[in-house]
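So that the names make sense, note that chain A is the first sequence line, chain B the second, and so on, each numbered from 1.
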Amino acid sequence: MAVTQVLRSEWTKIRSVASTVWTLGLAAVVTVALGALISALSRNEFDDMSARDRLSFDPTYISFAGTSLGQLAMIVFGVLVVSNEYSTGMIRTSLAAVPRRGTFLFGKVAVATALAFAVALVTSFATFFLGQAMLGPHKVSIGDPGVLRAVIGGGLYMTLIAVFSMGVATMLRSPMLSLGILMPFFFLISAILGNVSATEKVGRFLPDQAGSRIMRVVTPLDDDVPYGPWGGLGIMALWVVLAVAGGYVSLKRRDA
Amino acid sequence: MIEVAGLSKRYGEKLAVDGLTFDVRPGIVTGFLGPNGAGKSTTMRMMLGLDRPTAGDVRIDGRHYDRLTDPLTHIGALLDAKAVHGGRSAFNHLLCLAQSNGIPRARVHEVLDTVGLTAVAKKKAKGFSLGMGQRLGIAGALLGDPRILMFDEPVNGLDPEGIHWIRTLMKSLAAQGRTVFVSSHLMSEMALTADHLVVIGQGRLLADTSMADFIRENSRSYVRIRSPQREQLLDVLHRAGITVVEAGGETLEVDGHGSEEIGELAARHRIALHELSPQQASLEEAFMQLTAESVEYHAHAGPALGDPPPTAVPPPAPRRSWGDDWKKG
């Protein structure tokens, strides 16, 4: 079972369903548009800000504000890539064609990850440049210290969100169940845990909060987060590895 | 060649497949027969490595399914016509299967042509009728030009033209020397296609025999007679020591004597016959009889027909099973 055969097959699968275009397209459009909108609003607010707020003003991070919503479409992409196989019954056909389940799963995840990364990286650069244009006089340049890292990191963050979703969907199989857990988790629960002081210290180790650190260039004042941008992305990557490993183990053991 | 050895599958308390051992040989159509819920689909899924056996082993050309390189070129299977992503076109569905097994793209066009779906190749599979879905599934099975083909209930939901097409296809595949394994719960369907039969009931092997032997062993053959001189005929037959069953109306049935013998006897006594026809109890009856016997065996214990290997935990005797009604009737 040549790995390249499985990669080509998975590429055909992913490019031949409409949900791929819809979810990735939506992720890009929402991230860029919302980022541009919030950047434009921030530009007008800047003059009314306190000196303290101005010190932690992070033009790069602001241009990535659309990520919080755009990542939901990335989650849908990651979930559907895997759970489509189950909801349609295609999984039995797929596993009959590729009986080595590790090769099957990692081939699928690899292709979907590569595609998600390509889209996420383009989205990340687009949202940065458009956001900076909106920020006008307060903008930063891609050459400024830490900015390029943040922009590439934004692409990596979106990609890891998708891969995490693929792992969870492989464990849960049902698209509705997977989305029903992932969407509220990333949109509500994580934010709540991160903003309530009692749970704040736990919340910052959740995948999205740890990972989104990579998009910051200016460290907020009185910041006591115990990891840096790459450390945060590393924590997120660890979550992703756990999710995909969990998916692999359950796929390996389960009857199709 | 498929070799099944001591195959069992347990779902919780229920033993769905219970120590099956049989071979599926090339060059013939082997029918896999059993009432609904007998464990046919479970057995087929284990053959393809989709379900893990609780015990036992399946080998395809001597190897486990997951050890086959490019399995679609060894064995093609139609398990479930709906095992397709509805949003994907028929062509792309087959293309992704082909690519995963290193099968050239041109072969996709070939099999689409074989099953008659070329005109709708670019259409999404969700718009397909059940018959078109079956054809797409069969195209997938044929894709790797495999030596072994497996069809799970292929005629379900097909129109007569589609059924005829599948029968002809299966026979021609076997005639090419391929191994063809096809499941059904309809004995009448098997009678038209299968050369060999593997019959299971409640997960156990009931028979592994040629179709001809199966009919001979499991069905009653008799001669049906109708005559305007019914009383005279009864008298003659009685004097010749031939037991007659009066089967309602004018019809008489005679067991264990040839139609020649009865015809000549009637002629000698100048009795007119309106019908003299050798009859074979239908295969459906033979099949029911066999499954009914298996039910009897389960209830009373004793050697089974197919002699399955003993299992550690004997299955509980079913209170009411498939075939009971037939026994009563």
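If you measure heavy-atom distances from B:Asp66 to chain A, the contacts under 4.5 Å come from both the backbone and the side chain. Proximity to chain A is limited to the side chain of B:Arg45, based on heavy atoms less than 4.5 angstrom apart. With a 4.5 angstrom heavy-atom cutoff, A:Arg253 touches chain B only via backbone atoms.
Ion pairing between B:Arg178 and B:Asp145 holds under the 4.0 Å rule for side-chain N and carboxylate O.
Highest contact tally toward chain A, considering only B:Leu78, B:Leu95, B:Asn92, is held by B:Asn92 [criterion: heavy-atom pairs under 4.5 Å]. Heavy-atom pairs under 4.5 Å with chain A were tallied for B:Leu143, B:Leu72, B:Leu48; the largest tally goes to B:Leu72. Considering only heavy-atom pairs separated by less than 4.5 Å from chain A, the leading option among B:Ile75, B:Leu97, B:Leu79 is B:Leu97.
Using modelled atom types, one finds no donor on one side chain facing an acceptor on the other under 3.5 Å when comparing A:Ser94 with A:Lys108. B:Ser184 and B:Glu189 form no side-chain donor-acceptor contact under 3.5 Å, judged by distance and modelled atom types alone.
With A:Arg101 contributing its side chain and A:Leu251 its backbone, the two residues share a donor-acceptor pair below 3.5 Å.
Annotation: cation-pi pair B:Lys123/B:Phe128 absent, no NZ/CZ under 6.0 Å from the ring centroid and within 45° of its normal.
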